[in-house]
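One structure is given here, and the rest of the page talks about it.
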Amino acid sequence: MHEHTPPAAKAGAGAGAPDAAEAPLPAQQPAPAGKPASAGELAVAETGAGRGRNSSGRGSTRMPGGKSRAASVAGVAAGVLILAGGGAVVAAGSLMPEPASSRTVPAAEAAVPAGASLGVCPGPARLLEGTEAGTDAQFRPESATAATRVSAAVLSAGGVLPGSRMAHLDGTAAVDIAKDPGPAPTPGAPQELRAGVVADRTVDQVNVLSANAVANQNASAAGAMKYTATDGDLQGSAAATCVQPSNDQWLAGASTTVGRTSILALTNASSTPATVSLELFGSGGQIQAPGSRGLLVAPGTTRSVVLAGLAPNESQLSVHVRSAGGPVAASIQQSFLRGLTPGGVDYISPGTAPAVRQVMTGVDIQDPAGLAALTAQPGYRDAGPALELTVPGASDAVVEIKLYGRDGQHALPSGGVITAKAGSTTEVSLAGVPAGQYTVAASSDVSFLAAARMSRGFQAGQASDVAWAASAVRLGSQHVVPVPKGGQRQLVFGVLDTRATITYAPITADGKVRAAASADIAGGTTASISIPAQAEGADVVGYVVSASGDAAYGAVLVGQDGRNDVSSLAFLAAAAGQETVPVTLGY
């Protein structure tokens, strides 16, 4: 593991398709004598002419009685040429290649005026009350030691902090981060990078982080919540980023077998009702579950869905969440109970959409010998590391898997190339991989979804923990990376091919962005950086991270001193310039 210790901090800031144009008709020439258009030609031409436009197909016209034979012949010739042109359209259309049904084609994006940036932070983990036979969750009180805290940061733009706050779902403010800014500084004035922060605030419900746009630019803001408990069935720690609401998102890693509880939370932070439909993919294929369509989520509310009521006894379950109307923020609270022993708690956050390449970093693997002994015990088969692949399309995916550790690429014991079945989920064991922190890269010619599982704890009968690393976005410029307070915290970076340079500047609780440090990371390796509790005497609540060079990916790995707790937080995408929305053309 590459350890990079930040240098002594200095004051100041571091660092469908459009309609085709109609071609002109060829010059009219007399039709060959004695060769009228046949009924078959008329049918083909009528079909071709109607393709791509609203054609009635009624093209016959009565000739006036006073017209000469020459005019009649000219009219017939023109009709034949028009019909021939229509046939050409049919022929050209038949030569166009069919789209690959197994590849997901992203919707085109259109720029719109920038609005407020939102992040929905999940509420505290809670136990179900009673049976899981239904889908609507009923909760009972959590453990006596359970605590949930949120940290967040908002960066300044153009020298001013955007208006921002943390609020409850009902709109009442929990904390005002910054008021709406006044006039921007004059051009040429020093524009020091500053931050508005929420430092380790205790919460007892879902919260929404919002930051207004500045000069039609999206604000750079991000938050993270952390749950911890040392007693009860939900012992362990769980962390999750504050998710941006969306109308389309994917979550991988749920389980509904005996002792495993997965609760999908759908939060609507908008003022528009949302109608949500779920697509469920298990190891045996797509699951057609009554009650998975048309779920109404009212504005300012969270609806919890017990996934065992829709897809019982599924050891590998991925969920596609689509909403009409208001966008929703989705997350899955997952907990394990191995007999009477707590087996961990985690939040599954959305990863990147299905694509031909997926990357997970911050995957922490324990000693393989200890894991082999543990997973051989009854009820512990899913306590080992694994990669879960979901292929939503109609074609199987041949997936190549590569693991990059601190000293380079490591071979996968299974060989590294597997076939994932279409329309289902496939688990790939990572057992036998040497202990360490890894970046997992998977690629195929067919779009797929991926997530990686990790665990902590070797002793059967003792409390352990589990976490999922979602597929991550490629690093760019000025990612805001919130860091939960306390415990063991590390920034983990993976670089795939050639070298990359990572710069990371601490954000402290007093709103300052401290001097940036940098790390030059070799291609095909994973490096970790220990996060100090403080920088220049103030608590570290986050980082501003930028990358240059080859493709790089990042995550925050969180643990607890003296406990088998583990959580992984993938970096959120950096704020772009203008806001964009996906636009799909159809009928």
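Residues: numbered from 1 along the sequence shown.
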- Query: So how far is it from Met360 CE to Tyr438 OH, rounded to the nearest 0.5 Å?
  - Reply: 14.5 Å
- Are the side chains of Leu557 and Val566 in touch, meaning some heavy atoms are under 4.5 Å apart? yes
- Item | Residue pair Leu209, Ile177: steps toward the side chain to side chain contact (heavy atoms under 4.5 Å, CB included) verdict | CA-CA 10 Å; Leu209 172 67; Ile177 300 173; 3.6 Å; yes
- Message: Less than 3.5 Å apart, any donor N or O on the side chain of Ser318 or Thr425 sitting next to an acceptor on the other?
- Response: no
- Item | Non-hydrogen side-chain atoms of Asp248 and His320 separated by less than 4.5 Å | yes
- Backbone N/O of Tyr404 and side chain of Thr526: donor-acceptor pair under 3.5 Å: yes
- Message: Whether the side chain of Gln286 engages the backbone of Glu279 through a donor-acceptor N/O pair (distance < 3.5 Å, no angle test) should be reported.
- Response: no
- Item | Pairwise side-chain contact, Ser455 with Leu371, heavy-atom cut-off 4.5 Å (strictly under) | yes
- Message: Between Arg453 and Glu388 (salt bridge meaning N to carboxylate O under 4.0 Å), is one present in this structure?
- Response: no
- Message: side chain to side chain contact (heavy atoms under 4.5 Å, CB included) for Arg474 and Val359? Distances and angles first, verdict last.
- Response: CA-CA 9 Å; Arg474 176 176 175 171; Val359 180; over 6 Å; no
- Task: State the CZ-CG distance between Arg303 and Leu295, to the nearest 0.5 angstrom.
- Result: 4.5 Å
- Item | Verdict with supporting geometry, Leu169 and Val208, side chain to side chain contact (heavy atoms under 4.5 Å, CB included) | CA-CA 7 Å; Leu169 270 179; Val208 180; 3.9 Å; yes
- Query: When you measure from the side chain of Thr352 to the backbone N and O of Val473, does any donor-acceptor pair fall under 3.5 Å?
  - Reply: no
- Item | For the student: nearest non-hydrogen atoms of Glu314 and Ser283, plus distance | OE1-N, 3.5 Å
- Shortest non-hydrogen separation from Gln358 to Ser471 and the atoms involved: OE1-CB, 3.3 Å
- Can you tell me how far CG of Asp170 sits from CD of Gln205, rounded to the nearest 0.5 angstrom? 6.5 Å
- Closest non-hydrogen contact found for Leu387 with Leu430 is N-CG, 4.2 Å
- Message: A side-chain contact here means heavy atoms from C-beta on lying under 4.5 Å apart; do Glu400 and Lys402 qualify?
- Response: yes
- Query: Taking atom types as modelled and ignoring hydrogens, do the side chains of Gln244 and Ser117 form a donor-acceptor contact shorter than 3.5 angstrom?
  - Reply: no
- Item | Validation row: Val399, Ile401 side chains within 4.5 angstrom (heavy atoms) | yes
- Query: What orientation do Phe571 and His479 show, parallel under 30°, tilted 30 to 60°, or perpendicular over 60°?
  - Reply: tilted
- Donor-acceptor contact present, side-chain Arg489 to main-chain Val556, <3.5 Å: no
- Message: Could you report the tightest heavy-atom contact between Phe493 and Thr361, atom names first, then the distance?
- Response: C-OG1, 4.1 Å
- Message: Under a 3.5 Å threshold, yes or no: a donor from one side chain and an acceptor from the other, between Asn268 and Ser270?
- Response: yes
- Note on the structure: Residues Ala509 and Ala199: closest non-hydrogen pair is CB-CB, 4.1 Å
- Message: Nearest 0.5 Å, please: how far is OG1 in Thr525 from CG in Leu496?
- Response: 9.5 Å
- CG of Asp465 to CG of Asp565, rounded to nearest 0.5 Å, is 5.0 Å
- Message: Restricting to non-hydrogen atoms, name the atom on Ala460 and the atom on Tyr380 that form the minimum distance, rounded to 0.1 Å.
- Response: CA-OH, 3.5 Å
- Message: I want to check something: taking the side chain as every heavy atom from C-beta on, are Arg456 and Asp364 in contact at a cut-off of under 4.5 Å?
- Response: yes
- Query: Would you say the side-chain atoms of Arg260 pair up with the backbone N or O of Val258, donor to acceptor, closer than 3.5 Å?
  - Reply: yes
- In this structure, OG of Ser464 is separated from CZ of Arg338 (nearest 0.5 Å) by 5.0 Å
- Backbone of Gly524 reached by a side-chain donor or acceptor of Gln409 within 3.5 Å: no
- Message: So Thr261 and Leu337, do their side chains get closer than 4.5 Å, heavy atoms only?
- Response: no
- Within the distance-only criterion (no hydrogens, no angle test), does the side chain of Ser255 pair as donor or acceptor with the backbone N or O of Gln316 below 3.5 angstrom? no
- Task: Say whether, by atom type as modelled, one donor and one acceptor occur between the side chain of Gln249 and the main chain of Ser246 under 3.5 angstrom.
- Result: yes
- Message: Given 3.5 Å as the limit, does a donor-acceptor pair link the side chain of Ser335 with the main chain of Val345, or not?
- Response: no
- Task: Assess the side chains of Asp200 and Ser151: does a donor N or O sit below 3.5 Å from an acceptor N or O?
- Result: no
- Counting only N and O atoms by type, is there a donor-acceptor contact under 3.5 Å from the side chain of Tyr227 to the main-chain atoms of Leu234? yes
- Query: Are the side chains of Val466 and Asp382 in touch, meaning some heavy atoms are under 4.5 Å apart?
  - Reply: no
- Message: side chain to side chain contact (heavy atoms under 4.5 Å, CB included), that's the test. Do Arg381 and Thr257 meet it? Break it down for me.
- Response: CA-CA 12 Å; Arg381 188 195 67 82; Thr257 55; over 6 Å; no
